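What you are looking at is a predicted structure, and each value in this text was computed from that prediction instead of being measured. Each ligand, and each atom within it, is numbered from 1 in the order the structure gives.
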Amino acid sequence: MINEITARELNPEQFISEKVNEIRETVGNGIAINALSGGVDSSTVTMLGHRALGDRLKTVFIDNNLMREGEPEAVINSFRKLGVNVEIVDAREEFLTALKGITDPEEKREAVTQTFYKKVFGRIVKGSGAKFLLQGTILTDVDETVAGIKRQHNVFEQLGIDPQEAFGYRILEPLIQLRKDGVRIIGKALGLPQGSFDRIPFPGPALAARIIGEVTKERLDTVRKATTIVEKLLVNTGAFQYMAILHQDRVTGMRDNKRDYGQQIEVRCWDSIDARVATPTRLPIDLLEKLAGEILEKVPGIVSVTYNIAPKPPSTMEVV
Ligand code: XMP
């Protein structure tokens, strides 16, 4: 049973000093490793870990081919400014190979998990001599996994999986009592720049969670382009999260007076406090039209753009 700390009862300074001490005690004189994706949770845990361990925390950015446009460079530069050195690990081909031919959502998550934790991380941890992996799992990840809603890629112990046995290292999860709103408060208190701790959430399986059907290099490029447009046009809406989804079904469209059997992008934009429940944002129709126009113009092969109007539940925020 994990004791939740709500954003309201959270005392940031106290929380940080407790967790820093816990990390120091557990890791002792050893080294730990963490993977930074640039999301709120992993950025916060990176800062917390560096405060506790300094250079004895090695931070890597795993380029899995599933990230958004320009993301690896942006994340590395922003942490360099904070005095944290991040090493890029190129695992693009490895992830594509693991995802080849998979269409089932849970199998897709499992392929990302196994490639990340077993193959890529297993290798890095072995090479570095680290015994600990520091990771930014939060309570919502655990809840949804245990409830069987979605297998979050970073949850193991609560499912009876011993990471030491399965992967050969221990996992430390200092944010596990918090939800997203609490993590943002801690991130801010640790000195993350505004753009880092108030970013919209982005899931662990990254763009693979935004593709219905097989994840291929081409389909990733399509959803990545649409994502750039959606994020640019919806940044000032104040919404909790917004995303582009690539559908699997093709639909009849027309281009240059000819039939074009094309692809569809679904736009989702969510109002939510903590991601447990969510409702679609009431976007102005002008903005929706602008989204459609830009996606149809700039993303090759798209003939249809839809806006999701179903709340969570019964929907979930991502499609995978
Ligand atoms: P769902 O789709 O479950 O998403 O309604 C709820 C929130 O969680 C994010 N999400 C994830 N975050 N690892 C994460 O760290 C994951 O595997 C994962 N799956 C979904 C999602 O973006 C939303 O904010």
Side-chain angles (χ1 to χ4, degrees), residues 34-46 61-62 64 66-68 71 75 95 98-99 102 104-117 121 133-156 158-159 161 171 173-176 178-184 187 197-212 215 223 227 230-231 234 237-246 266-281 308 310-320:
N34 87 306
L36 172 66
S37 68
V40 189
D41 306 338
S42 78
S43 294
T44 301
V45 97
T46 298
F61 180 98
I62 294 176
N64 56 11
L66 310 175
M67 305 308 274
R68 290 164 290 187
E71 200 153 18
V75 171
F95 276 87
L99 286 160
I102 299 178
D104 178 81
E106 291 299 304
E107 282 177 25
K108 213 183 274 180
R109 283 177 170 266
E110 190 58 21
V112 173
T113 302
Q114 288 299 327
T115 308
F116 189 88
Y117 287 95
F121 240 115
L133 173 62
L134 191 66
Q135 113 177 331
T137 320
I138 66 170
L139 197 50
T140 316
D141 299 342
V142 177
D143 283 351
E144 299 208 336
T145 300
V146 173
I149 297 167
K150 244 173 232 200
R151 167 78 162 85
Q152 305 280 337
H153 80 119
N154 51 2
V155 174
F156 301 103
Q158 293 76 15
L159 293 176
I161 300 169
I171 298 184
E173 300 172 311
L175 307 181
I176 203 149
L178 307 179
R179 296 194 189 271
K180 203 63 112 188
D181 44 356
V183 177
R184 290 203 170 109
F197 68 80
D198 72 355
R199 292 177 67 180
I200 55 169
F202 190 64
L207 294 178
R210 310 256 165 100
I211 293 177
I212 304 175
V215 177
V223 84
T227 300
V230 169
E231 292 196 350
L234 299 185
T237 54
F240 178 87
Q241 194 173 9
Y242 29 87
M243 59 190 74
I245 308 287
L246 176 60
E266 174 188 336
V267 176
R268 292 183 169 196
C269 181
W270 296 105
D271 290 338
S272 180
I273 302 291
D274 58 16
R276 279 186 289 184
V277 295
T279 48
T281 308
N308 168 65
K312 170 184 178 173
S315 179
T316 59
M317 296 170 80
E318 309 286 348
V319 288
V320 164

*Might you point out which heavy atoms bring Asn308 and Pro280 nearest each other, and give the distance in Å?*
O-CB, 3.6 Å
*asked:* Could you measure the distance from the CD1 atom of Ile176 to the CD1 atom of Ile138? Nearest 0.5 Å is fine.
replied: 9.5 Å
*asked:* Would the distance check show the side chain of Glu266 and the main-chain N or O of Ile245 forming a donor-acceptor pair, the cut-off being under 3.5 Å?
replied: no
*Measuring from each atom of ligand 1, which residues have a heavy atom under 4.0 Å away?*
Arg109, Glu144, Lys150, Gln152, His153, Pro201, Pro203, Gly204, Pro205, Gln241, Ala275, Lys312, Thr316, Met317, Glu318
*Output yes when Lys108 and Glu318 qualify as a salt bridge under the 4.0 Å nitrogen-oxygen rule, no when they do not.*
no
*Could you tell me whether Ile161 atom CD1 has more than 12 heavy atoms of other residues or ligands within 6.0 Å of it?*
yes
*Counting distance only, does the side-chain N/O of Arg109 pair as donor-acceptor with the main-chain N or O of Val320 below 3.5 Å?*
yes
